[in-house]
Colleague: 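Please see the structure below; I have some questions.
Residue numbers begin at 1 in each chain, while the letters A, B, ... track the order of the sequences.
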There are 2 protein chains.
Amino acid sequence: MVNSRFSVAIHILSLIATTSDKSQLSSDFIAGSVNTNPVVVRRMIGLLKKAGLLTSQSGLAGYELLVEPKDLSLLTIYHAIDGPEQLFAIHDEPNPDCTVGRKIQRTLEGVYTSVWDAMEEQLQAQTLQDVLDQLR
Amino acid sequence: MVNSRFSVAIHILSLIATTSDKSQLSSDFIAGSVNTNPVVVRRMIGLLKKAGLLTSQSGLAGYELLVEPKDLSLLTIYHAIDGPEQLFAIHDEPNPDCTVGRKIQRTLEGVYTSVWDAMEEQLQAQTLQDVLDQLR
DNA sequence: AAACCTGTAACTATAATAGTTACAACAGGT
DNA sequence: ACCTGTTGTAACTATTATAGTTACAGGTTT
């Protein structure tokens, strides 16, 4: 299973989107809602910031979204957090002297790509706004 | 990323399907093609056997498929190897006193379920025979 | 200056994974 | 009966990913 970073990222972005008093949004406050360590939050926010999804100011509590929730697809978030770009690992160096071993890697890549594409399509179809609507 | 067991399972099943001299199929031989340890192979085969996909006889080399490659979907294989049934982990115990924290888990479950379903659909659509065709 | 914050590096703990060693039990040939 | 080679499993080890943590330099506000 993929790590929980994607979940944490969506949680953080939801919090920022729904909190009107931005000065309340310290990494410590956010960590309290997510139930993790403030550093974990700041680390994650660093990635989201690098992807241009939000701004922050060093030394000053408060984050602001740079993208409207309805324009922010979950796929964009996924790419922002630098999650794995493959679903299934393929074993290393199968035997090249074997008919199966010689071609299995490329074959599996093809199989997994179709699965991955289907997944991306789903993530593209859902936005942060959809998540916010369900949180009500 | 999910582990490489799924890849190894497909490799093993492909080997069994394409090898006519079944007595050649020892766990050691298969391990040589996959490039891993014979015990890893036997462990994996134990799962496939438990799922009714193949037979083996203790003490005697040789495995046989119990299902026609064209009737064996990759999804069936995936379930056989007991892979994770969720793609993304959801962080534990978000703060119940927070609007977001209170409902984020259930919301994410919904999101991830739609992604998972799309993935299963892709795996269901492809069979071991499709893989064999591409190995040619 | 004091209190509070961010950003980041470095370290630690835990868990998943794959690989490995070891061995009991079975099969087939001699 | 014995030897060789095999499966099925348990138990252990090594490696890696992940999350959590400590520490601290530097920014911001009062």
Colleague: In whole Å, I'd like the distance from the CD atom of B:Glu93 to the P atom of D:dG20.
Modeller: 11 Å

Colleague: Do A:His79 and A:Glu120 touch side chain to side chain, with heavy atoms closer than 4.5 Å?
Modeller: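 A:His79 reaches A:Glu120 side chain to side chain.
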
Colleague: Please report the distance, rounded to the nearest Å, between CZ in A:Phe6 and C1' in D:dA17.
Modeller: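 Atom CZ in A:Phe6 sits about 19 Å away from atom C1' in D:dA17.
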
Colleague: Answer yes or no: does a side-chain N or O of A:Ser56 lie under 4.0 Å from OP1 or OP2 of C:dG7?
Modeller: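 Answer yes for this pair, as a side-chain N or O of A:Ser56 is under 4.0 Å from OP1 or OP2.
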
Colleague: Respond yes when some side-chain nitrogen or oxygen of A:Ser4 is under 4.0 Å from OP1 or OP2 of D:dT18, and no when none is.
Modeller: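 Checking A:Ser4 against D:dT18: no side-chain N or O falls below 4.0 Å of OP1 or OP2.
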
Colleague: Side chain of A:Ile45 only, please: which of C:dG7, C:dT20, C:dA27 is the nearest?
Modeller: C:dG7

Colleague: Considering only heavy atoms from C-beta outward, does the side chain of B:Leu66 approach that of B:Leu53 to under 4.5 Å?
Modeller: no

Colleague: So, is A:Lys49 close to the C:dT6 phosphate, meaning a side-chain N or O under 4.0 Å from OP1 or OP2?
Modeller: no

Colleague: Would one find a side-chain N or O of B:Ser27 under 4.0 angstrom from OP1 or OP2 of D:dT6?
Modeller: no

Colleague: What is the distance from CD of A:Gln24 to P of C:dC4, rounded to the nearest Å?
Modeller: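 For the pair A:Gln24 CD and C:dC4 P, the rounded distance is 16 Å.
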
Colleague: Describe the nucleic acid contact of B:Asn3 in one word from base, sugar-phosphate, nothing, applying a heavy-atom distance below 4.0 Å.
Modeller: sugar-phosphate

Colleague: Given atom CZ of A:Arg42 and atom P of D:dG20, what is their separation to the nearest angstrom?
Modeller: 14 Å

Colleague: Taking the nucleotide of DNA chain D with the closest heavy atom to each, which residue, B:Ser26 or B:Val39, is nearer the 5' end?
Modeller: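 Between the two, 5'-proximity favours B:Ser26.
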
Colleague: NE2 of A:His91 versus P of C:dA18: gap in Å, rounded?
Modeller: 11 Å

Colleague: Can you find a pair of side-chain heavy atoms, one from A:Met119 and one from A:Gln124, that are under 4.5 Å apart?
Modeller: no

Colleague: Answer with yes or no whether A:Arg43 presents, from its side chain, a donor or acceptor under 3.5 Å of a partner atom in the base of D:dT21.
Modeller: yes

Colleague: Quick one: A:Phe29 CZ to C:dC4 P, roughly how many Å, whole number?
Modeller: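 Taking atom P of C:dC4 as the reference, CZ of A:Phe29 is at 17 Å.
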
Colleague: Hey, are the side chains of B:Thr76 and B:Asp71 touching, using non-hydrogen atoms and a 4.5 Å cut-off?
Modeller: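 SC-SC contact between B:Thr76 and B:Asp71 ruled out.
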
Colleague: Looking across every strand, which nucleic acid part, if any, lies under 4.0 Å from A:Lys50 by heavy atom: base, sugar-phosphate, or nothing?
Modeller: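 Answer is nothing: A:Lys50 stays at 4.0 Å or more from every strand.
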
Colleague: Which listed nucleotide (C:dA27, C:dT6, D:dT6) is nearest to the side chain of B:Gln57?
Modeller: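 So the nucleotide nearest the side chain must be C:dA27.
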
Colleague: Kindly point out which of D:dG26, D:dG20, D:dA23 is positioned nearest to the side chain of A:Ser58?
Modeller: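 Of D:dG26, D:dG20, D:dA23, D:dG26 is nearest to the side chain of A:Ser58.
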
Colleague: When the nearest nucleotide of DNA chain D is assigned to A:Leu60 and to A:Pro38 on a heavy-atom basis, which residue is associated with the more 5' position?
Modeller: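 Per heavy-atom nearest nucleotide, the more 5' residue is A:Pro38.
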
Colleague: Using atom CG of A:Leu47 as one end and atom C1' of D:dT18 as the other, report the distance to the nearest whole Å.
Modeller: 14 Å

Colleague: Looking at C:dA27, D:dA23, D:dT21, which one has an atom nearest to any side-chain atom of A:Asn37?
Modeller: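 Looking only at heavy atoms from C-beta outward on A:Asn37, the closest nucleotide is D:dT21.
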
Colleague: Are the side chains of B:Asn95 and B:Val100 in contact, using a 4.5 Å heavy-atom criterion?
Modeller: no

Colleague: What is the distance, rounded to the nearest whole Å, between atom CG of A:Asp82 and atom P of D:dA17?
Modeller: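 In whole Å, D:dA17 P and A:Asp82 CG are 13 Å from each other.
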
Colleague: Kindly say whether B:Gln126 contributes a backbone atom to a donor-acceptor pair with the side chain of B:Ser73 at under 3.5 angstrom?
Modeller: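 No; zero donor-acceptor contacts below 3.5 Å.
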
